[in-house]
Amino acid sequence: MLGACPGASTGAPEPTGIEPASIEQGFAVEVAIRGRGFAPKVLVSYQDPAGSYVMAGFGARLGEFELQQIAYVDSGTLTALVPATLPVGDYDLVVTAPSGLSGSLPQAFTVFPHTVQVDDGSATGDRPIRDGGAIDGASLDVPRLDAAQLDAPVADGPNADASASDGALPDTAASDGALPDTAASDSAFLDVTVADVAGPDATLSDRTGPDSGTSLNTPPIAVASVSPGAGSTAVLFEADGSGSRDREQAAATLAYRWDWENDGTFDAAGVFASHIFSAPGDYQVVLEVEDREGLVAYAAFLVVVVAAGPDLLDVSTAVDEADAGATPQTPGGSGFSLREAIAYANATAGHQVILVPPGTTAAIDTALPDLSDNAGATIVGDGATIDGAAAGGSGCVGVASSDNRILGLEIFNCSSAPISVAAGTSGNQVARCFLHDNDWTVVLNGSGNTFGPDNELIPGSRSFGIYLQGPNTVVGNRIHGPSTSTAISIATGGAGSRIVGNFLCDNTMGVQFETQANSCQIWHNTVHGNTSSGFKIAANVTGTDLRNNIVAGNGGWGIDGKDSNLLLVDFNDVTANVDGQCRACSALGVNGLDIDPGFVDTATGDLRLGPTSPLIDRGTDLGIDVNGPAPGLFEPSAPDIGAFEFP
C-alpha cells in the first residue's frame, strides 16, 4: 500500500547536519539530512504506482555530486543515498527546496580512503591500514573486499604469501602476489592472513562487509490479476503476476507461485499461469512473490465461476443501448450493453453475473438502472470503464437491493455519486474498483455493506471520498488526493461503522466524525499527509475505538478530539502532526507512540513499513486478519501498527 504527502515552503531550507557525516570510499550509504523548513510536494498514481513522481521535491548534493533516492521524513529530516562513486574528500552539503531556493552547510561530509583492520599480533590489537599502507615493511594494496569477483588478484607485497577464507564461499589460496578477493554475501566478512618473513603474521579483516551502508532489503510488492474475472467451468482462466515489482531486484528475477483455491497449497509457478475451475463458486486466487533474500509478499484476486448457462451475462457492446426486451441471445442494436444487462438481471430470477470485457468504455447517457434484484447480481469489469460525462447531473451506479457486488470497474466523470448504496440494504460489496474525477462522493447507506478491499478512490473536490450514512465497513483501500475533500465522513446514521486497514493520504482530513457518530472502530489505518487533521471528532461523539493506527505528518492535529470521544485509544503512533498529537486528550494510552514510523520511501509514496521500522510487532491483537492472503493473521509475534503488515 502506497501514499503521499503534500506540502509547500516559501523559504529556503536550512540544513544543520548529516548523519553519518563520513564514509569510506567505495561504499554507498543512506544518510539523514537534518535541518529546518523541509516540505515537499509529490504526486502519486495508485492505479499505476510506477507512474508516481515528485512534482516539486527536494534536491540534495554533496559538492557537485547529486544524491539519490531523496525522501521526505518530516519538516526537519530528509533521507538520501550517497553514491558509492563519491571520491575521497570533504564536501559542502546543498539542499534545494521545491521553491528553487537553496541552503548549504559547509564541510558537512567527508569520504575517507577505504580501510581495513590489521591485527599484527601486538598487545594494541587491531589498527587501521589504508590502500598503499605497509605491514612489517611490506607494501600492501588493500583489496575492495565487497566489489571484486572471487580470486581477483591484487599485490600484497614482495615477501608475503596469503590465504583467505570468506566464511561463506569455499576457501581459496594464493601466493606470491595474488591475494584473493571475494564477492561474499552480506552476512560474511573476509579475513585475510598475510605471512611476512620479516615479522609476525598479520590479519586483515574487512568488518564493514559487502553492500554496507546501502538501504536494507524491502519486501516485493505482489500484484495479481486473472482474466477473465468471471467465467464458467469451461473457461481457461489466465493469471498474470507481471505487475509485481521490487525496489532492489528486477521483477523477472523474483519467484512467483500461485494457489488457485487459497487452501495453502501452491499449484503453479511462474509469472503467468492458467487454470480451469471444475466447480462453480468464488475463488480467491493467491499469488506469492519472493525475493532472493526470502522476503515474500502476497496478493489475492477474487474469481467468480458459474456453471455454463444463462447466469453469466456477457456485455458485448460499449454503446449505451436500452433496446426493449433485450436478452443475451437477442440483444438487438449493436449488442448487449451494460444497461441492458443490468435490466435483464433485475428481471430474472436468481443471481446473475455480468461480465464487462476489458477495454470496454461505457459512456452512459443517464444513470444506469439500480441493481434491484432480490437475489442480487455481480458486475465484474476489470479493465472496463464507466464514463458519466454525458449523464448530466446523474450518478453512475446505484444499488437498491442486497447482496450485490461491483468488482474491478473504473468509474469517472459522474456529476453525482459514482456508486450509491441505498438504505435498507445489506451484504453489498464494492472491491478493486478505481473511482476518480467524480464530483460527488461514494454513499453507503444500509448496514453491513462493505467498501473494499483494494479500491483506489481519489475524492472529488466538493465533499468526501466516502460518506457513511449507515453502519458499514471500509476496509483495505487507498483513498488519496490531491483534492480538497475528506477521505471518509461518518454521519450520525453511520454510528457503529468499521474503518480498517486503509491508507488515507493527501486529503483534507483522514476521517471526520459528524455529530453522534458513536461507537466506531478505527483500526490499523495509515493516515498521513492530509492538509488538516488526521481525525476530526465532533464534540458529542462517544465510544470511538482508536487502535493500531499511524497518524503522521498531517497539517493539523493528529486527533482533533478529546478524552470523552474515546472509549479505547492505545497502540497508535501519532507523530509529526503540525498542531500536535491530540487537541484535548490527557493521554493516548500506555502503549501509544510518538516516533518516526520508518516508511520505506515517503517521497515516492511508498508508505509500507521498512524492515527497521519501530512499529513492527508493536500493535495489539484485535482478532482480525491483517495479513490478507498471507498465512495467519499477522507476522510474526504481534500485529504491526498501521495499514501494512511487514512480512
Side-chain angles (χ1 to χ4, degrees), residues 1-3 46-47 49 222-225 229 262 282 284-286 298-304 376 378-382 397 399 402-411 417-421 425-436 438 441-459 464-480 486-490 494 496-505 507 510-511 520-527 548-550 607-608 622 624-630 633 642-645:
M1 299 285 187
L2 305 179
Y46 286 95
Q47 186 72 2
V223 178
S225 64
N262 193 19
D282 291 346
Q284 194 86 336
V285 176
V286 174
Y298 295 87
F301 192 97
L302 179 65
V303 174
V304 181
T378 295
I379 302 176
V380 180
D382 298 279
V397 180
V399 179
S402 297
D403 301 321
N404 298 281
R405 294 183 297 188
I406 302 170
L407 308 176
L409 282 170
E410 178 182 355
I411 305 176
I419 297 175
S420 179
V421 178
T425 66
S426 63
N428 295 295
Q429 182 182 21
V430 179
R432 69 171 189 261
C433 291
F434 179 33
L435 311 176
H436 63 97
N438 300 292
T441 181
V442 174
V443 179
L444 295 183
N445 279 288
S447 62
N449 300 301
T450 302
F451 186 83
D454 298 327
N455 294 301
E456 179 183 356
L457 172 57
I458 302 177
F464 320 112
I466 300 175
Y467 195 32
L468 293 175
Q469 294 183 317
N472 296 297
T473 296
V474 180
V475 58
N477 306 287
R478 300 181 296 269
I479 306 177
H480 66 98
T486 294
I488 301 171
S489 185
I490 307 174
S497 289
R498 304 178 76 228
I499 313 296
V500 180
N502 302 280
F503 286 87
L504 310 177
C505 305
N507 307 285
V511 181
C520 293
Q521 295 174 337
I522 316 297
W523 295 346
H524 282 288
N525 300 283
T526 296
V527 183
N548 291 346
N549 301 283
I550 299 172
L607 297 185
R608 297 178 297 161
L622 300 175
I624 60 174
D625 186 357
V626 295
N627 256 351
L633 299 182
F644 176 73
E645 178 73 13

Going by side chain to side chain contact (heavy atoms under 4.5 Å, CB included), name the residues that satisfy it together with [X], two or more places apart in sequence or in a different chain.
X    : value
N627 : D625, A630, E635, E645
D403 : none
N404 : L371, A377, V399, S401, N428

Are the side chains of V430 and V442 in contact, using a 4.5 Å heavy-atom criterion?
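When only atoms from C-beta onward are counted, V430 and V442 do not touch, as no gap falls below 4.5 Å.
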
Less than 4.5 Å apart, side chain to side chain, heavy atoms only: is that true for N477 and F451? yes

The salt bridge (charged side-chain N to carboxylate O under 4.0 Å, His left out) partners of R498 (sequence neighbours excluded) come to none

For F464, the ring-ring contact (aromatic ring centres under 6.0 Å, His included) test, sequence neighbours excluded, returns Y467

Using modelled atom types only, decide if a donor and an acceptor are shared between the side chain of [X] and the backbone of [Y] within a distance under 3.5 Å.
X    : Y    : answer
T441 : G465 : yes
N472 : N449 : yes
N525 : N502 : yes

**Message:** For H436 and E456, which I'm curious about, is there any donor-acceptor pair between the side chains at under 3.5 Å?
**Reply:**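 Distance-only check fails for H436 and E456.
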
With sequence neighbours left out, the residues meeting side-chain hydrogen bond (donor to acceptor under 3.5 Å, both in side chains) with Q469 are N445

Where [X] and [Y] come nearest, the two heavy atoms and their spacing:
X    : Y    : answer
G446 : P471 : O-CD, 3.5 Å
D382 : V380 : OD2-CG1, 3.6 Å
G408 : C433 : N-SG, 3.6 Å

